[in-house]
Amino acid sequence: QVQLVESGGGSVQAGGSLRLSCQLSEYTVSNYCMGWFRQAPGKEREGVASIDRYNRTIYADSVKGRFTISKDDAKIILYLQMSGLKPEDTAMYYCARNVFGRRCASVSDLPGYPYQGQGTQVIVSS
């Protein structure tokens with residue numbers, strides 16, 4: 001069973017930056033569609049960013065130009081670099097991985113991916 005462990009969350013002021021990491025318990029991250037989604041209190045889960053085996057990325061409109069998704073194939077880690085943070089970015093952030101062979105179609109699919117971590121909390125104060 002694949003395990004995903006997020007880290008890097010915290011509390012920052014608006015305009016600040018954080019880098020989230022997701023460590024996977026497998027030998028590669030290069031063959032899958034992976035990404036990040038978030039859930040704010042009282043709101044539905046929202047796809048944030050995805051990256052495929054060719055390093056093609058997709059971003060939600062709400063984070064374009066501020067967030068960057070990347071992965072380190074050697075370290076088997078998925079990252080989310082977040083800059084220009086806003087109070088509305090406050091949420092629990094989860095990483096997720098799809099099954100082998102599925103392409104990254106839309107970030108809205110991310111909350112439904114079969115492999116997910118436990119989340120890391122991000123709080124942005126104004």
Side-chain angles (χ1 to χ4, degrees):
Q1 181 73 9
V2 174
Q3 292 186 330
L4 297 82
V5 180
E6 302 94 337
S7 61
S11 296
V12 296
Q13 291 190 327
S17 300
L18 284 173
R19 187 177 78 161
L20 307 183
S21 300
C22 175
Q23 178 75 60
L24 284 84
S25 65
E26 54 187 344
Y27 67 93
T28 181
V29 294
S30 62
N31 294 331
Y32 307 99
C33 178
M34 304 181 59
W36 295 88
F37 67 93
R38 64 188 181 186
Q39 187 167 26
K43 295 188 177 181
E44 293 187 355
R45 295 177 298 175
E46 175 192 22
V48 174
S50 67
I51 186 167
D52 70 7
R53 60 183 301 178
Y54 304 110
N55 288 325
R56 293 176 300 197
T57 58
I58 305 173
Y59 294 94
D61 288 343
S62 58
V63 306
K64 279 181 182 177
R66 300 189 298 121
F67 290 11
T68 302
I69 188 171
S70 63
K71 55 186 173 75
D72 185 323
D73 290 344
K75 296 182 179 179
I76 318 176
I77 298 177
L78 179 71
Y79 297 106
L80 185 68
Q81 177 68 49
M82 305 186 296
S83 302
L85 283 162
K86 305 175 181 179
E88 51 263 43
D89 295 317
T90 294
M92 186 72 80
Y93 283 73
Y94 302 87
C95 63
R97 199 210 85 184
N98 210 346
V99 297
F100 180 78
R102 297 287 179 87
R103 65 185 186 92
C104 291
S106 169
V107 293
S108 62
D109 296 334
L110 286 162
Y113 281 10
Y115 303 103
Q116 302 179 3
Q118 295 300 307
T120 185
Q121 182 72 50
V122 172
I123 299 173
V124 185
S125 58
S126 57

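Quick note: residue numbers are just sequence positions, from 1. Source: prediction; values computed, not measured.
- V2 and I76 fall within a single hydrophobic cluster, where Ile, Leu, Val, Met, Phe, Trp and Tyr side chains are chained together by heavy-atom contacts under 4.5 Å.
- The side-chain hydrogen bond (donor to acceptor under 3.5 Å, both in side chains) pairs that include a residue from residues 1-14 number zero, where partners must be two or more places apart or lie in different chains.
- For K86 and D89, the salt-bridge test fails: no basic side-chain N is under 4.0 Å from an acidic carboxylate O.
- The side chain to side chain contact (heavy atoms under 4.5 Å, CB included) search around R103 returns A105, not counting sequence neighbours.
- Other members of the cluster containing Y113 are F37, I58, M92, Y94, V107, L110, with ILVMFWY side chains joined at under 4.5 Å, either directly or via other members.
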Which atom pairs, donor and acceptor, lie under 3.5 Å between side-chain atoms of residues 119-126 and protein residues at least two apart or in another chain?
from : atom 1 : to  : atom 2 : distance (Å)
T120 : OG1    : G9  : N      : 3.0
Q121 : NE2    : A91 : O      : 3.2
S125 : OG     : V12 : O      : 3.4

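- Partners of R19 by side-chain hydrogen bond (donor to acceptor under 3.5 Å, both in side chains), not counting sequence neighbours: none found.
- Atom CG of residue L18 and atom CD of residue Q81 lie 8.5 Å apart, to the nearest 0.5 angstrom.
- R56 contributes atom CZ, which lies 14.0 Å from atom CD1 of I69 (distance to the nearest 0.5 angstrom).
- The two atoms that bring L85 and R66 nearest to each other are CA-NH1, 3.9 Å, heavy atoms only.
- Under the side chain to side chain contact (heavy atoms under 4.5 Å, CB included) criterion, V99 pairs with R102, P114, Y115, not counting sequence neighbours.
- For the atom pair L4 CG and S25 OG, the distance stands at 7.0 Å (nearest 0.5 Å).
- The two residues D61 and K64 make their nearest non-hydrogen contact at OD1-NZ, 3.1 Å.
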Only pairs under 3.5 Å count here: list side-chain donor-acceptor contacts from residues 40-51, not counting sequence neighbours, and write none if there are none.
from : atom 1 : to   : atom 2 : distance (Å)
R45  : NH1    : P111 : O      : 3.2
E46  : OE1    : R38  : NE     : 2.8
E46  : OE1    : R38  : NH2    : 3.1
E46  : OE2    : S62  : OG     : 3.3

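- Sorted by first and then second residue, the disulfide (SG to SG under 2.5 Å) pairs involving residues 70-126 (not counting sequence neighbours) are C22-C95, C33-C104.
- Y93 contributes atom OH, which lies 7.5 Å from atom CG of L80 (distance to the nearest 0.5 angstrom).
- Partners of S108 by side chain to side chain contact (heavy atoms under 4.5 Å, CB included), not counting sequence neighbours, listed by chain and number: S106.
- The ring pair (Phe, Tyr, Trp, His ring centres under 6.0 Å) contacts involving residues 41-69 comprise nothing, where partners must be two or more places apart or lie in separate chains.
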